[in-house]
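Every value quoted in this text rests on a predicted model; they were computed, and no experiment measured them.
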Amino acid sequence: RGSGRPHPPAAQAPVPVQAAAVAPPPPARRIAVVSYDLWLTYLPDGLRRVRGGALEPGQGAWARFASEDRFVEVRVERGARTLPRDPRRIILRGRPALVGRAQGGLAIAWLERPGTGVWIRVGGNLSEELLRVAASVKGPVGD
């Protein structure tokens with residue numbers, strides 16, 4: 001007491017801090033199958049499979065997922081026979097791809113593996129979803 005200096009406050013016990021939990025990305029809500037060897041792990045909400053089937057025998061398969069005013073159409077083909085108009089080159093999942101216009105919307109095409117081409121077209125207000133849908137493509141080998 002008489003030193004004229006203020007006394008430091010009494011030490012307080014440390015307050016435990018909880019680490020912020022970082023949630024993993026949510027699992028895919030559904031798998032959209034195009035053929036036995038190609039499926040999508042992302043499809044915009046509100047779409048359901050409305051058509052699809054085999055292309056010419058041995059040439060691949062296709063599927064269309066749609067609502068009243070939007071659609072995603074996917075083709076898996078032997079080779080790459082369907083290409084977008086006025087294409088621009090990009091890289092998708094480490095593979096060269098072409099993005100451009102297609103009837104009723106935008107499309108992307110690439111070789112998924114030697115001899116197997118993939119073509120995805122979106123319409124309605126799904127243009128901004130094209131790359132996300134394409135990036136979700138999976139197959140039994142090489143992904």
Side-chain angles (χ1 to χ4, degrees), residues 3 5-143:
S3 70
R5 294 183 8 196
H7 293 286
Q12 296 179 348
V15 177
V17 176
Q18 294 183 347
V22 177
R29 287 187 285 235
R30 59 185 170 159
I31 302 294
V33 176
V34 177
S35 71
Y36 74 94
D37 64 348
L38 188 121
W39 56 91
L40 306 173
T41 58
Y42 171 75
L43 197 60
D45 288 335
L47 303 181
R48 64 182 178 83
R49 186 175 176 136
V50 294
R51 286 188 277 178
L55 297 173
E56 300 168 20
Q59 297 301 306
W62 71 283
R64 183 178 177 100
F65 305 89
S67 66
E68 283 186 28
D69 57 349
R70 308 178 315 152
F71 70 87
V72 171
E73 190 170 297
V74 184
R75 295 171 64 109
V76 56
E77 306 173 317
R78 184 176 195 103
R81 298 179 299 158
T82 307
L83 298 174
R85 293 188 313 251
D86 304 322
R88 186 181 68 199
R89 295 173 189 252
I90 67 164
I91 300 295
L92 175 73
R93 299 171 42 244
R95 296 169 175 93
L98 297 173
V99 176
R101 293 179 295 136
Q103 182 179 2
L106 292 176
I108 185 168
W110 73 95
L111 285 176
E112 179 64 17
R113 53 189 165 268
T116 303
V118 178
W119 179 81
I120 299 176
R121 178 172 60 126
V122 298
N125 64 350
L126 294 178
S127 296
E128 291 184 11
E129 298 282 2
L130 176 63
L131 294 180
R132 187 170 178 192
V133 171
S136 83
V137 166
K138 299 291 180 198
V141 178
D143 285 332

Flag side-chain contact, heavy atom, 4.5 Å: Val76 against Thr116: yes

Donor-acceptor contact present, side-chain Arg89 to main-chain Pro96, <3.5 Å: no

Any side-chain heavy-atom pair of Leu111 and Arg95 under 4.5 Å: no

Val99 vs Leu106, side-chain contact (heavy atoms from CB on, under 4.5 Å): CA-CA, chis, key distance, verdict: CA-CA 7 Å; Val99 176; Leu106 292 176; 5.6 Å; no

Side-chain donor/acceptor of Ser136 to backbone N/O of Leu40, under 3.5 Å: no

Rounded distance (nearest 0.5 Å) linking atom CG of Asp45 with atom CD of Glu129: 9.0 Å

Residue pair Ala134 / Ile120: nearest heavy atoms and the distance that separates them: CA-CD1, 3.7 Å

Shortest non-hydrogen contact from Ala109 toward Trp119: CB-CD1, 4.0 Å

Atom of Leu98, atom of Pro84 and distance for their closest heavy-atom approach: O-CG, 3.5 Å

Heavy-atom donor-acceptor pair, Arg121 side chain to Gln103 backbone, under 3.5 Å: yes

Where Ala66 and Val50 come nearest, the two heavy atoms and their spacing: CB-CG2, 3.9 Å

Closest non-hydrogen atom pair, Arg132 against Tyr42: CZ-CE1, 3.4 Å

Any Val137 side-chain heavy atom under 4.5 Å of Leu92 side chain: no

Residue among Lys138, Arg78, Arg93 satisfying salt bridge (charged side-chain N to carboxylate O under 4.0 Å, His left out) with Glu112: Arg93

Side-chain touch Ile108/Ile90, heavy atoms, less than 4.5 angstrom: yes

Salt bridge flag under 4.0 Å for residues Arg51 and Glu73: no

Considering all heavy atoms, the nearest Pro44-Val133 contact: CD-CG2, 3.9 Å

